[in-house]
*Asks:* 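Below: one structure in structure tokens.
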Amino acid sequence: MTSHMEYFRQQVYLCVAQIPAGKVASYGQIARLAGFPRHARHVSKALGAADKSLQLPWQRVIGANGRIAFKADSDHYARQAALLKKEGVKIINGKINMQQFAWQYVKDKQSDFRPEEFFK
DNA sequence: AACTTGACTTCAA
DNA sequence: ATTGAAGCCAAGT
């Protein structure tokens with residue numbers, strides 16, 4: 001494990017952890033937010049490698065086209081769709097309305113997110 | 001040192 | 001609206 005990839009993953013996790021329930025973000029959006037603009041593909045890798053103890057809301061990361069990235073007939077897809085539904089994210093014809101559900105990140109001094117407490 | 005593989009994106013038909 | 005090609009880049013063979 002090279003050190004820069006550890007850094008990449010950590011930045012990705014920090015971003016994903018801040019996506020509020022009921023909203024979604026694309027892999028590319030997270031990559032940009034994390035500071036690695038061209039690494040959309042690696043965001044998925046990072047999520048797959050994330051320790052479960054982190055309790056990451058991985059289901060809130062989807063494709064830029066508003067679709068869940070897993071194959072539609074896979075268990076993974078079903079699991080993610082179920083979690084999103086539980087959070088109120090509507091999937092119509094396999095597609096999520098980004099206009100409505102895309103997370104709009106804005107620097108907010110009032111945010112109560114504590115990155116230093118996120119990684120135990 | 002090639003070549004392949006993805007939970008990706010964008011753009012042009 | 002769909003589809004496909006091209007671009008992307010770290011990991012694994």
Side-chain angles (χ1 to χ4, degrees):
Chain A
M1 292 300 178
T2 65
S3 165
H4 65 279
M5 89 156 264
E6 284 299 324
Y7 177 71
F8 169 74
R9 285 183 181 172
Q10 175 158 302
Q11 295 310 302
V12 167
Y13 299 159
L14 286 173
C15 292
V16 172
Q18 293 177 74
I19 306 173
K23 290 294 178 180
V24 296
S26 74
Y27 296 92
Q29 181 184 352
I30 294 301
R32 289 191 294 277
L33 231 56
F36 295 81
R38 273 166 281 278
H39 296 242
R41 312 193 80 134
H42 301 111
V43 168
S44 54
K45 284 288 196 182
L47 291 181
D51 188 307
K52 301 194 183 47
S53 68
L54 288 179
Q55 306 271 66
L56 276 186
W58 59 270
Q59 71 275 19
R60 297 175 194 158
V61 186
I62 65 176
N65 58 4
R67 293 172 177 282
I68 286 176
F70 292 113
K71 289 195 302 180
D73 56 16
S74 66
D75 288 344
H76 280 348
Y77 183 102
R79 201 150 50 240
Q80 185 166 8
L83 288 170
L84 288 175
K85 180 179 180 181
K86 193 183 308 180
E87 301 180 346
V89 175
K90 299 285 177 50
I91 304 177
I92 300 169
N93 291 325
K95 190 172 53 202
I96 292 167
N97 182 329
M98 295 307 268
Q99 171 95 285
Q100 175 179 9
F101 295 105
W103 174 40
Q104 306 294 140
Y105 173 81
V106 286
K107 269 191 176 176
D108 179 7
K109 298 189 178 95
Q110 312 297 25
S111 172
D112 61 348
F113 182 67
R114 298 283 182 282
E116 59 278 9
E117 293 170 12
F118 181 68
F119 295 102
K120 168 175 298 189

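So you know, we letter chains A, B, ... as the sequences are listed, proteins then strands, and number each from 1.
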*Asks:* A:Phe70 CZ to B:dT5 P: how many Å, rounded?
*Replies:* 19 Å
*Asks:* Using modelled atom types and a 3.5 Å cut-off, is there a donor and acceptor pairing between side-chain atoms of A:Arg114 and backbone atoms of A:Asp112?
*Replies:*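 It does hold such a pair.
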*Asks:* Provide, to the nearest angstrom, the distance between the CE atom belonging to A:Met98 and the P atom belonging to B:dT9.
*Replies:*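 Atom-to-atom, A:Met98 to B:dT9, this comes out as 9 Å.
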*Asks:* So which one's nearest nucleotide on DNA chain C is more toward 5', A:Arg67 or A:His4?
*Replies:* A:Arg67
*Asks:* Identify the heavy atoms of A:Pro57 and A:Ala17 that sit nearest to each other, and give their distance.
*Replies:*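 Closest pair (atom of A:Pro57, atom of A:Ala17, distance): CD-CA, 4.1 Å.
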*Asks:* What is the distance, to the nearest angstrom, from the OH atom on A:Tyr27 to the P atom on C:dC9?
*Replies:* 19 Å
*Asks:* Which whole-number value in Å describes the distance from A:Ile30 CD1 to B:dT9 P?
*Replies:*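 The answer, rounded to whole Å, is 10 Å.
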*Asks:* Between the base of C:dC9 and the side chain of A:His39, is there any donor-acceptor pair under 3.5 Å?
*Replies:*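 For A:His39, whose side chain was compared with the base of C:dC9, there is no donor-acceptor pair (under 3.5 Å).
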*Asks:* Tell me whether A:Gln59 contacts the main-chain N or O of A:Gln80 through its side chain, where contact means a donor paired with an acceptor under 3.5 Å.
*Replies:* no
*Asks:* Taking the nucleotide of DNA chain B with the nearest heavy atom to each, does A:Lys45 or A:Gly63 sit closer to the 5' end?
*Replies:*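 Per heavy-atom nearest nucleotide, the more 5' residue is A:Lys45.
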*Asks:* Taking only the side-chain heavy atoms of A:Lys95 (C-beta and beyond), determine which of B:dC8, B:dT10, C:dA1 contains the nearest atom.
*Replies:*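 The answer is C:dA1.
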*Asks:* Using the side-chain heavy atoms of A:Arg41, tell me which of these nucleotides is nearest: B:dC8, B:dA7, C:dA11.
*Replies:*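 The listed nucleotide nearest to A:Arg41's side chain is B:dC8.
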*Asks:* Please state whether the rings of A:Phe118 and A:Phe113 are parallel, tilted or perpendicular, taking 30° and 60° as the class boundaries.
*Replies:* tilted
*Asks:* Supply the atom-to-atom distance A:Ile62 CD1 to A:Ile68 CD1, rounded to the nearest 0.5 angstrom.
*Replies:* 7.5 Å
*Asks:* Looking at B:dC8, I'd like to know if its phosphate oxygens (OP1 or OP2) sit under 4.0 Å from a side-chain N or O belonging to A:Ser26.
*Replies:*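 False: A:Ser26 side-chain N/O out of range (4.0 Å or more) of B:dC8 OP1/OP2.
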*Asks:* Which nucleotide wins on minimum distance to the side chain of A:His42, given the candidates B:dA7, B:dG6, B:dT10?
*Replies:*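 Closest nucleotide among those given: B:dG6.
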*Asks:* Whole angstroms only, please: what is the CD1-C1' distance between A:Ile68 and B:dC8?
*Replies:* 15 Å
*Asks:* Would you write out the dot-bracket form of DNA chain B, 5' to 3', with Watson-Crick and G-U pairs under 3.5 Å, [ ] for crossing pairs, | for pairs to other strands and . for unpaired bases?
*Replies:* .|||||.||||||
*Asks:* Taking only side-chain nitrogens and oxygens of A:Arg38, does any of them come within less than 4.0 Å of OP1 or OP2 of C:dC9?
*Replies:*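 For C:dC9, OP1/OP2 do have a side-chain N/O of A:Arg38 under 4.0 Å.
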*Asks:* Which heavy-atom pair separates A:Val43 from A:Phe8 by the least distance, and what is that distance?
*Replies:*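 Heavy atoms only, the tightest pair is N-CZ, 3.9 Å.
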*Asks:* What is the distance, to the nearest angstrom, from the CZ atom on A:Arg32 to the P atom on B:dT9?
*Replies:* 8 Å
*Asks:* What is the distance from CG of A:Asn65 to C1' of B:dA12, rounded to the nearest Å?
*Replies:* 17 Å
*Asks:* Do the side chain of A:Tyr105 and the main chain of A:Ile30 share a donor and acceptor less than 3.5 angstrom apart?
*Replies:*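 Side chain of A:Tyr105 to backbone of A:Ile30: no pair is present.
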